[in-house]
Protein chains: 2
Amino acid sequence: MSEKNVLSDFKPDGHNHEACIDTALATASTVCRERGLRLTPLRQRVLELVWQQHMPVGAYDLLDALRSDGRRADPPTVYRALEFLLENGFVHRIESLNAYVGCGEPKHAHSAQFLICGNCNRVAELEDPAISQIISEKADGLGFRISQQTIEVTGLCGECREHAPA
Amino acid sequence: MSEKNVLSDFKPDGHNHEACIDTALATASTVCRERGLRLTPLRQRVLELVWQQHMPVGAYDLLDALRSDGRRADPPTVYRALEFLLENGFVHRIESLNAYVGCGEPKHAHSAQFLICGNCNRVAELEDPAISQIISEKADGLGFRISQQTIEVTGLCGECREHAPA
DNA sequence: TCGCTGATGTTATACTATAACAACAAGGTG
DNA sequence: CACCTTGTTGTTATAGTATAACATCAGCGA
Ligand SMILES: [Zn+2]
Ligand SMILES: [Zn+2]
Ligand SMILES: [Zn+2]
Ligand SMILES: [Zn+2]
C-alpha cells in the first residue's frame with residue numbers, strides 16, 4: 001500500500017531523530033524566509049522543543065523546558081510562540097490531549113488526521129484526501145460548509161500491539 | 001439522500017424542543033432501568049440541563065445552572081454527573097470545545113461524528129459507517145489498532161450559511 | 001532622531017478538571 | 001432492629017490549561 005498519504009508515520013526507536021529535528025527547523029526557516037515571517041530565536045526554540053519527540057507535548061512542559069534553558073518564561077511566552085507556529089502550520093494542536101505536535105509537512109496548508117498511540121504516545125500524521133472528502137460529502141449533504149476538521153484517533157501503534165497484546 | 005446516518009440533524013428554531021428533552025430523559029430512564037444504573041435526581045437534572053439546547057455546554061455553565069436551582073454545587077458535583085452520563089453514552093464530550101452535548105442515540109455504543117456550527121453553535125451528530133470504516137482501513141494499513149475516534153468538524157450550518165454568507 | 005510596528009516581558013486572572021476525605025442513603029444480613 | 005457494605009453526594013483544596021492587559025524592547029523606515 002502506498003504511503004503517499006502519510007505525512008509522518010510512527011517512528012521506530014533508534015531512528016536518526018537529530019535529522020528529524022534538523023529537517024523541521026530547516027524547513028521552517030525556509031518557509032519563513034519565503035513568506036516574510038520572523039522565526040525569532042524564541043519561536044525557533046519552541047519549535048525545536050516540540051520536535052524533541054514524536055509525541056504531543058503540553059504547553060507547560062514547553063514552559064519548563066524554556067526555563068531549563070535559563071530563560072525567564074511565563075505562560076504567554078510559550079502560548080504566543082505556539083500561536084505563531086500553529087497559524088503558520090509548523091505545529092498542530094491535538095485537541096483531545098491539550099497538546100502540540102510538530103507538523104510533518106508545513107509547506108502547504110492541509111487538513112490532517114492523527115493516529116495517537118495510547119501506550120507509547122507517539123503520533124502519526126496522515127493527510128488522506130479520501131478521509132477528508134467523505135466527510136466533506138456527508139457535510140455537504142446536510143448543507144454544512146466545513147471550515148476545519150478535527151480528526152484524532154486513539155489506539156495502539158503496531159509496535160505497541162506486539163509488545164502489549166490485548 | 002437517506003439520513004439514516006444522522007443521529008441528530010441541525011434543529012430549526014421553533015421546533016418542539018420540549019419533546020427533544022422529554023424523549024432524551026425518557027430514553028435515559030429506560031436505559032438505566034434496563035442496565036441497573038441509577039439515574040439519580042442529580043444525574044437526571046444534569047442531563048436535562050445538557051439538553052436545554054442543541055449545542056455544547058461547558059461544565060461550569062452546568063454548575064451555574066445547578067446553583068440557580070438553589071442546589072449547593074461544586075465542580076466535582078457536575079463532573080461526576082458528567083462522568084456517569086459519558087460512560088453510559090447519554091452525552092458526548094466535544095474535545096475541541098471542552099464542552100458536552102446530549103447524545104441522540106444512547107441505546108447502543110457508537111462512534112459519532114460531530115458537525116459544529118461556528119455561528120449559532122448548534123451541533124449535528126452523525127454515525128456514518130463509511131467515515132468510521134475508511135479511517136479504520138487507513139489505520140489498519142499502518143498497523144494501528146483503533147480504540148476511539150474523535151471527529152469534530154467546524155463550519156457553518158445551512159441556516160447560518162444563508163443568513164451570514166461568506 | 002523620531003516614531004511606528006511587531007515581539008517579548010510581566011503580572012494577574014480566567015477557565016477546566018481532579019484529588020482526597022467526609023457524610024449520607026439504600027439495601028442486604030445477622 | 002443493629003450492623004455493615006457499597007455507591008452517591010458534599011466539601012475543601014489544588015492541579016492543569018489558557019488568556020487579558022499593559023509595559024518594555026528591538027528593528028526598521030521616515
Ligand atoms: Zn524523529
Ligand atoms: Zn505505541
Ligand atoms: Zn430540540
Ligand atoms: Zn448555525
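Throughout, protein chains are lettered first and strands after them, A, B, ... in sequence-line order, and every chain is numbered starting at 1. Worth saying up front: this structure is predicted, and the values here are computed from it rather than measured. Atoms considered below: every heavy atom in the structure, side chains included; atoms not considered: hydrogens, waters and symmetry mates.
There is no side-chain donor-acceptor pair under 3.5 Å between A/E95 and A/T150. In summary, the side chains of A/N119 and A/R161 do not present any donor paired with an acceptor at a separation below 3.5 Å, with no hydrogens or angles considered.
Between A/L66 and A/L42, some side-chain heavy-atom pair lies under the 4.5 Å cut-off. Side-chain contact between A/V101 and A/V91 is absent, with no heavy atoms from C-beta onward closer than 4.5 Å.
Atom CD1 of A/I94 is separated from atom P of D/dA18 by 12 Å (rounded to the nearest Å). Taking atom CD of A/E83 as the reference point, atom P of C/dG6 lies 13 Å away to the nearest angstrom. Atom pair B/E95:CD and C/dT16:C1' shows a separation of 12 Å (rounding to whole Å applied). In this structure, A/Q44 places its CD atom 15 Å from P of C/dA7, rounding to the nearest Å. Rounded to an integer number of Å, the gap from CG of A/L63 to C1' of D/dA15 is 15 Å. Between A/D69 atom CG and C/dG9 atom P there is a gap of 12 Å when expressed in whole angstrom units. Here C/dT5 presents its P atom at 19 Å from CG of A/L37, a figure rounded to the nearest Å. Protein atom CG of A/N98 is 16 Å distant from nucleotide atom P of C/dC15, rounded to whole Å.
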What protein N or O atoms touch nucleotides 7-12 of chain D N or O atoms at under 3.5 angstrom, if any, and at what distances?
from: D/dT8; atom 1: OP1; to: B/R43; atom 2: NH1; distance (Å): 3.2
from: D/dT8; atom 1: O5'; to: B/R43; atom 2: NH2; distance (Å): 3.3
from: D/dT9; atom 1: OP1; to: B/T40; atom 2: OG1; distance (Å): 2.4
from: D/dG10; atom 1: N7; to: B/R80; atom 2: NH2; distance (Å): 2.6
from: D/dG10; atom 1: O6; to: B/R80; atom 2: NH1; distance (Å): 2.9
from: D/dG10; atom 1: O6; to: B/R80; atom 2: NH2; distance (Å): 3.4
from: D/dT12; atom 1: OP2; to: B/R72; atom 2: NH2; distance (Å): 3.3

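Remark on the helix from C/dT1-D/dA30 to C/dG30-D/dC1: inter-end axis angle 0°, axes from five-pair C1' superpositions, rounded to 10°.
With respect to the salt-bridge test (charged N to carboxylate O, under 4.0 angstrom), the residues B/E83 and B/R80 do not qualify.
Using a 5.5 Å limit on the distance between ring centres and a 30° limit on the angle between planes, the aromatic ring of B/Y60 counts as stacked on the six-membered base ring of C/dT16.
Side-chain N/O atoms of A/R93 include one lying less than 4.0 angstrom from OP1 or OP2 on D/dA18. Not one side-chain nitrogen or oxygen of A/Y79 sits closer than 4.0 Å to the OP1 or OP2 atom of D/dG16.
Below 30°, between 30° and 60°, or above 60°: for B/W51 and B/H54 the angle between ring planes is above 60°, a perpendicular geometry. Between A/H17 and A/H15, the angle of the ring planes goes over 60°, which puts this pair in the perpendicular group of the 30/60° scheme. Aromatic ring orientation, B/F144 versus A/F10: parallel (interplanar angle below 30°, classes split at 30° and 60°).
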**Item:** Residue pair A/H92, A/F114: steps toward the ring pair (Phe, Tyr, Trp, His ring centres under 6.0 Å) verdict
**Value:** CA-CA 10 Å; A/H92 293 289; A/F114 298 96; 5.2 Å; yes

